[in-house]
Colleague: 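Just dropping this structure here.
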Amino acid sequence: MTSQRKHLVKDFNRFITCHVCKGYLIKPTTVTECLHTFCKSCIVQHFDDSNDCPECGIQVHETNPLEMLRLDNTLEEIIFKLVPGLREKEQQQEIEFWRSRKSKENGEDGSRSKRSRLDDDDDDDDGGDGDYHRSDPQIAICLDCLRSNSLVGENIVRGLMKKFIRCSTRVTVGTIKKFLSLKLKLPSSYELDVLCNGEIMGKDHTMEFIYMTRWRLRGENAYPMVLEYRPRIDFG
């Protein structure tokens, strides 16, 4: 019997590396016009200077190539399974980046930034933090319902009466979901998707992270940041 050949990670490198940075694809993002895939940060930065695909040179869009990008979550999971330790490494680098950025913006020293860790769990707002994060930097958010006054299951789900809120930049999507479920009086069988620019946000994403990496508007039109939500039946 012939033994089954074992494949090495390098055998797949041409499928899981970025044409721009030559490293493993991080948040793989596909250009829908030509189906070439790059790291999200690489392709977004590239489109600051050009509307053409960096691999094949095709014009992606005349004015706004960012509209032609789609995250490939399936490919991301495949890459994390193929490359041991890559997920943990990226998560740690992300935490360190935001910790460093927050420290510089607030003029804090290292000891203070340790007490203000960005990766703290914000889902439990009454877990010993006496001021409920009121001393944190604040952000204004507009919560828009994608299915306002529409029928979901057997119930009509209406949007919020007051859709503008102000909260800590450390608040997570998970907390926003709990807030929406409470305000909308959703049954336990309902789940909520929270989106920014059409992309579903993870429950552990903070408002600061979303604003810096997902919200495209800057300058006088940057506020409030708009998050969209859509109720759906949870069949899980």
Side-chain angles (χ1 to χ4, degrees), residues 1-61 65-101 117-123 172-174 177 191-216 230 232 234-236:
M1 294 179 62
T2 57
S3 59
Q4 187 177 4
R5 179 175 181 265
K6 292 184 178 180
H7 292 279
L8 303 175
V9 173
K10 67 179 182 180
D11 296 335
F12 302 95
N13 274 352
R14 66 191 182 96
F15 303 108
I16 61 175
T17 53
C18 175
H19 180 81
V20 176
C21 69
K22 311 303 180 184
Y24 290 119
L25 290 164
I26 301 301
K27 291 184 172 57
T29 302
T30 299
V31 180
T32 58
E33 189 69 16
C34 58
L35 300 183
H36 289 128
T37 303
F38 310 91
C39 298
K40 181 179 177 66
S41 60
C42 290
I43 192 61
V44 169
Q45 290 179 16
H46 172 80
F47 283 156
D48 283 342
D49 302 317
S50 172
N51 292 343
D52 300 337
C53 171
E55 186 165 347
C56 67
I58 189 175
Q59 186 182 66
V60 176
H61 194 278
L66 293 177
E67 291 183 356
M68 310 303 290
L69 298 180
R70 295 293 181 273
L71 280 174
D72 191 334
N73 295 320
T74 301
L75 179 58
E76 181 178 48
E77 286 303 314
I78 291 174
I79 294 172
F80 283 150
K81 284 181 170 61
L82 283 173
V83 185
L86 182 62
R87 186 197 302 269
E88 292 75 14
K89 178 182 177 182
E90 287 304 314
Q91 289 176 341
Q92 185 60 35
Q93 288 182 344
E94 184 175 293
I95 290 170
E96 291 174 357
F97 170 80
W98 288 111
R99 183 182 297 157
S100 172
R101 186 181 185 89
R117 294 179 59 191
L118 291 180
D119 56 331
D120 285 344
D121 186 2
D122 292 304
D123 286 349
T172 64
V173 170
K177 286 185 177 183
E191 183 56 85
L192 280 166
D193 290 327
V194 174
L195 305 90
C196 182
N197 293 322
E199 178 187 345
I200 296 178
M201 299 290 99
K203 70 180 182 67
D204 295 323
H205 287 358
T206 64
M207 297 301 103
E208 180 178 33
F209 176 79
I210 294 173
Y211 177 77
M212 297 302 299
T213 65
R214 300 299 194 273
W215 184 235
R216 295 171 185 160
R230 60 186 179 205
R232 58 180 172 83
D234 183 8
F235 292 103

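Model, not experiment: these values are computed from the prediction.
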Colleague: How far apart are the C-alpha atoms of L66 and V44, what are their side-chain angles, what is the distance that settles it, and do they pass the side-chain contact (heavy atoms from CB on, under 4.5 Å) test?
Modeller: CA-CA 7 Å; L66 293 177; V44 169; 4.1 Å; yes

Colleague: For K177 and V194, which heavy atoms make the closest approach, and how far apart are they?
Modeller: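 Between these two residues, the closest heavy atoms are CG-CG2, 3.9 Å.
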
Colleague: Using a 3.5 Å distance criterion without hydrogens, assess whether the side chain of T32 forms a donor-acceptor pair with backbone atoms of M68.
Modeller: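 Yes, because the side chain of T32 sits within donor-acceptor range (under 3.5 Å) of the backbone of M68.
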
Colleague: Going from CG on D72 to CZ on R70, what distance comes out if it is rounded to the nearest 0.5 angstrom?
Modeller: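 Those atoms lie 12.0 Å apart.
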
Colleague: If you compare all heavy atoms of I58 against all heavy atoms of E33, which two are closest, and at what distance to 0.1 Å?
Modeller: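 In this case the closest contact between I58 and E33 is CD1-CG, 4.1 Å.
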
Colleague: Looking only at non-hydrogen atoms, find the nearest pair between L75 and P28 and report the distance.
Modeller: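 Closest heavy-atom pair between L75 and P28: CD2-CB, 3.8 Å.
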
Colleague: Just so I know, are the side chains of R230 and I200 near enough to count as touching, which here means a heavy-atom distance under 4.5 Å?
Modeller: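 They are in contact (side-chain heavy atoms under 4.5 Å apart), so the answer is yes.
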
Colleague: Just wondering, do I79 and E76 contact through their side chains at under 4.5 Å, heavy atoms?
Modeller: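 A side-chain contact is absent here, since even the closest heavy-atom pair is not under 4.5 Å.
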
Colleague: Test side-chain contact (heavy atoms from CB on, under 4.5 Å) on L86 and I26; report intermediate values, then the result.
Modeller: CA-CA 9 Å; L86 182 62; I26 301 301; 4.2 Å; yes

Colleague: Please lay out, stage by stage, how F47 and H61 fare under the test side-chain contact (heavy atoms from CB on, under 4.5 Å).
Modeller: CA-CA 10 Å; F47 283 156; H61 194 278; over 6 Å; no

Colleague: For the side chain of S41 and the backbone of C39, is there at least one donor-acceptor N/O pair under 3.5 Å apart?
Modeller: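 Absent.
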
Colleague: Going from SG on C34 to CD on E55, what distance comes out if it is rounded to the nearest 0.5 angstrom?
Modeller: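 Spacing of SG (C34) from CD (E55) equals 7.5 Å.
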
Colleague: Is the backbone of P84 close enough, under 3.5 Å, to the side chain of R87 for a donor and an acceptor to pair up by distance?
Modeller: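 It does not hold such a pair.
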
Colleague: Specify the closest pair of heavy atoms between L71 and E199, including all atoms of both residues, with the distance to one decimal.
Modeller: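 Closest approach of L71 to E199: CD1-OE2, 2.5 Å.
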
Colleague: So do the side chains of V60 and N51 get within less than 4.5 Å of each other, counting heavy atoms only?
Modeller: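 Contact flag for V60/N51 side chains = no.
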
Colleague: Just so I know, are the side chains of N13 and Y24 near enough to count as touching, which here means a heavy-atom distance under 4.5 Å?
Modeller: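 Counting from C-beta outward, N13 and Y24 do come under 4.5 Å.
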
Colleague: Could you grab the distance from atom CZ of F38 to atom CD of Q45, nearest 0.5 Å is fine?
Modeller: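 Taking CZ in F38 and CD in Q45, the distance rounds to 13.5 Å.
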
Colleague: Should W215 and N197 be marked as a side-chain contact (heavy atoms from CB on, under 4.5 Å) after you check the CA-CA gap, both sets of side-chain angles, and the distance that decides it?
Modeller: CA-CA 7 Å; W215 184 235; N197 293 322; 4.0 Å; yes

Colleague: Can you tell me how far CG of L192 sits from NZ of K203, rounded to the nearest 0.5 angstrom?
Modeller: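 Spacing of NZ (K203) from CG (L192) equals 14.5 Å.
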
Colleague: Do you know the tightest heavy-atom contact between C53 and C56?
Modeller: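 Where C53 meets C56 most closely, the heavy atoms are SG-N, 3.5 Å.
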
Colleague: For E88 and Q92, run side chain to side chain donor-acceptor pair (under 3.5 Å): C-alpha distance rounded to whole Å, both residues' side-chain angles, the deciding distance at 0.1 Å, then the answer.
Modeller: CA-CA 6 Å; E88 292 75 14; Q92 185 60 35; over 6 Å; no

Colleague: Hey, what do you get for CG (D48) to OG (S50), rounding to the nearest 0.5 Å?
Modeller: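 OG of S50 is found 10.5 Å from CG of D48.
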
Colleague: Would you indicate whether the side-chain heavy atoms of R214 and K40 approach each other to under 4.5 Å?
Modeller: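 The answer is yes; the side chains approach within 4.5 Å.
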
Colleague: Restricting to non-hydrogen atoms, name the atom on T172 and the atom on D204 that form the minimum distance, rounded to 0.1 Å.
Modeller: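 Heavy atoms only, the tightest pair is CG2-O, 4.0 Å.
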
Colleague: Checking the side chain of H19 only, and the main-chain atoms of T37 only, is there a donor and an acceptor separated by less than 3.5 Å?
Modeller: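 Pair absent, no side-chain N/O of H19 close to backbone of T37.
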
Colleague: Would you give the length of the straight line joining atom CD of E208 to atom OG1 of T213, rounded to the nearest 0.5 angstrom?
Modeller: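 The OG1 atom of T213 is 10.0 Å from CD of E208, to the nearest 0.5 Å.
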
